[in-house]
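Notes to accompany the following structure.
Atom set for the values below is all heavy atoms of this structure, side chains included, hydrogens, waters and symmetry mates excluded. On a predicted model such as this, the values are computed, not experimentally measured, just so you know. In what follows, chains are A, B, ... by sequence order, proteins preceding strands, each numbered from 1.
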2 protein chains.
Amino acid sequence: MAKAKTPRRTSYHHGNLRDALIDAAIQLVEEGGPDNVSVREAAKRAGVSPGAPFRHFQSKTALLTAVAELAMSRLTEAVADALSEVDSADPIVAFEAIGQGYLEWAIANPTHFQVISSRTLIDFDGSDSLRGQNEAIRRKMIDLLTQAQQQGKLAANADFDHLVLAARAFVYGLARMVVDGHFSQWHPSEPPSLALRKALHLFISRMTNLSEAKS
Amino acid sequence: MAKAKTPRRTSYHHGNLRDALIDAAIQLVEEGGPDNVSVREAAKRAGVSPGAPFRHFQSKTALLTAVAELAMSRLTEAVADALSEVDSADPIVAFEAIGQGYLEWAIANPTHFQVISSRTLIDFDGSDSLRGQNEAIRRKMIDLLTQAQQQGKLAANADFDHLVLAARAFVYGLARMVVDGHFSQWHPSEPPSLALRKALHLFISRMTNLSEAKS
DNA sequence: AGAGCATGTAATCAGTGATTACAAATGGGA
DNA sequence: TCCCATTTGTAATCACTGATTACATGCTCT
């Protein structure tokens, strides 16, 4: 899938430098995290001079933003896959599946997750793609909660905004704790990923059942 | 409180360079976040040559780790203050207060929060102070849950580890969403901090009440 | 074929973390 | 009191980074 690493090139022009740079940047991200990416190294791997990338990306941030857009697409796919594998009609099960899919993707692709959730490495707000895909997931969550409520599986006065906020914060927090290395020494005998799944299920079942929280 | 910014110095030796460097680094962190810190600039502000800091800190990471240790102490204080202001004997109220204190401190000191929760800028695992203070908070949470259970305010079979994990992930997630700028455009009319408080309260009351989650 | 534009190069800049050889000051022991 | 070892800071330097500029090349369209 990836282009040949050898930067052999016969013509003066590269032909597809933009994509080659993104590929190289992804490779660098996978090798050593976002901090491992340098424009020069990406240029070198594309077999091109250090200044060339700036014809295609205004800044390092722009290059990493392009990487983030690809990564975000993969995350969206992962979430969609997780949803499509749910064989229950229960919207709350689907809701949990989103969290599962998100979490599993983040753990399987920690460096990419770091890229898309950073706001210093990339220009999130400046990318319609990033904002759009993020918002799409959020809207899907609200849809599912709405369905759940219509099916009488959620308190009639449930506050969707707070519920979705809580769910997002929870899953995001779990993912970041993993990615940020907060589980580097993990004493409970249980493997981390299992603990995460259980914690997620605990969270979902507690937060969404009909019993009402006292204000 | 801070030393004079003017690096006027009469003697060859600085006298207190180590502390001055930490002060300068804190100042830089407050001005523009962790990425704004450079050893050279800290040295300049301390009125000293670019190489001098390396007599006191093996690396930039070591300097930022020292900053993190101070920041973590402040966080510990903030949490302790929040706890001492609780005038209820209910351990679950105290439990929520820890979350509140943590969250408020993180929001009030976003850049310091970034420093202590990073694992690339600082050497967390290598600092007894950081690990210790972190663990102390975690243990306090478990103590409170134990009390709650003894007072019959928690399910008899509540899984403390998963509950504490969930609570930490939730609060950490909220804090990071704020710090990472995930609320830069916030559509609901409600101010973010209020929404966070409500979400936290929702979380605590749902997760800790006697009703049992179905496995 | 030639004009114009997109693309890549070379040279250069300022800033970074880090290391080294050297110089200055401090303080304890004779 | 004096001297010398240790601590502490300096100066020079290295390799690397993101970024900009002036220039060279080659593709494409009329």
Side-chain angles (χ1 to χ4, degrees), chain A residues 3 6-25 27-29 31-68 115 118-123 126, chain B residues 3 6-25 27-29 31-68 115 118-123 126:
Chain A
K3 278 198 56 176
T6 335
R8 217 164 294 152
R9 172 166 50 107
T10 169
S11 72
Y12 186 85
H13 281 36
H14 184 284
N16 200 8
L17 182 53
R18 189 189 158 91
D19 289 350
L21 288 170
I22 294 178
D23 282 354
Q27 202 181 12
L28 287 167
V29 165
E31 284 175 16
D35 295 343
N36 191 45
V37 177
S38 84
V39 178
R40 296 181 104 88
E41 182 62 24
K44 186 191 291 182
R45 297 201 179 188
V48 106
S49 78
F54 291 90
R55 293 282 177 198
H56 299 271
F57 299 99
Q58 194 190 357
S59 64
K60 178 184 183 177
T61 298
L63 171 57
L64 280 173
T65 302
V67 171
V115 172
S118 163
R119 293 298 182 276
T120 53
L121 295 170
I122 67 174
D123 180 15
Chain B
K3 277 198 60 176
T6 336
R8 216 165 296 151
R9 174 165 50 107
T10 169
S11 70
Y12 185 85
H13 281 39
H14 183 285
N16 199 9
L17 182 53
R18 188 189 159 92
D19 288 351
L21 287 170
I22 294 178
D23 281 355
Q27 202 181 12
L28 287 167
V29 165
E31 283 174 18
D35 294 343
N36 191 45
V37 177
S38 83
V39 177
R40 295 181 104 86
E41 182 62 24
K44 187 192 289 181
R45 298 204 178 188
V48 107
S49 78
F54 291 92
R55 294 280 178 198
H56 299 271
F57 299 99
Q58 195 190 355
S59 65
K60 179 184 185 177
T61 298
L63 172 57
L64 280 173
T65 302
V67 171
V115 173
S118 161
R119 293 296 181 279
T120 53
L121 297 170
I122 68 175
D123 179 15

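- Candidate nucleotides dT8(D), dG8(C), dA18(C) were compared by shortest atom distance to the side chain of S49(A), and dG8(C) ranks first.
- Checking R55(A) against R40(A), the closest nucleotide of DNA chain C that is more toward the 5' end is the one next to R55(A).
- With rounding to whole Å, L21(B) atom CG is found 14 Å from dG17(C) atom C1'.
- Between P50(A) and A52(B), it is A52(B) whose nearest contact on DNA chain D lies nearer the 5' terminus.
- Residues P53(A) and V48(A) meet the side-chain proximity criterion, which asks for heavy atoms closer than 4.5 Å.
- The two residues I122(A) and A68(A) have their closest heavy-atom pair at CD1-CB, 3.8 Å.
- For F54(A), the side-chain atoms get nearest to dT20(D) when compared with the rest of dT20(D), dA18(C), dT10(D).
- Across the protein-nucleic acid pair, E41(A) atom CD and dG18(D) atom P stand 10 Å apart, rounded to whole Å.
- Between the CZ atom of F57(A) and the P atom of dA19(D) there is a distance of 13 Å, given to the nearest Å.
- If you take CG of N16(A) and P of dT7(C), they are 11 Å apart, rounded to a whole angstrom.
- In this structure, the nucleotide among dT8(D), dA18(C), dA19(D) sitting nearest to the side chain of S59(B) is dA18(C).
- Across E41(A) and L28(A), no two heavy atoms sit closer than the pair CG-CD2, 3.6 Å.
- Distance K44(A) NZ to dT9(C) C1': 16 Å, rounded to the nearest Å.
- Summarising the geometry, atom CG belonging to L121(A) is positioned 9.0 Å from atom OG1 belonging to T65(A); distances are rounded to the nearest 0.5 Å.
- For dA6(C), the OP1/OP2 oxygens have no side-chain nitrogen or oxygen of H56(A) closer than 4.0 Å.
- Between the CZ atom of R18(B) and the P atom of dT7(D) there is a distance of 15 Å, given to the nearest Å.
- In this structure, CD of Q58(B) is placed 16 Å from C1' of dT20(C), rounded to the nearest angstrom.
- Applying the 6.0 Å contact sphere to CD of Q58(A) captures no more than 12 heavy atoms from other residues, nucleotides or ligands.
- In the set dG17(C), dG8(C), dT20(D), the nucleotide with an atom closest to the side chain of S38(B) is dG17(C).
- Taking atom NZ on K60(A) and atom P on dA19(D), their separation rounds to 8 Å, with Å as the unit.
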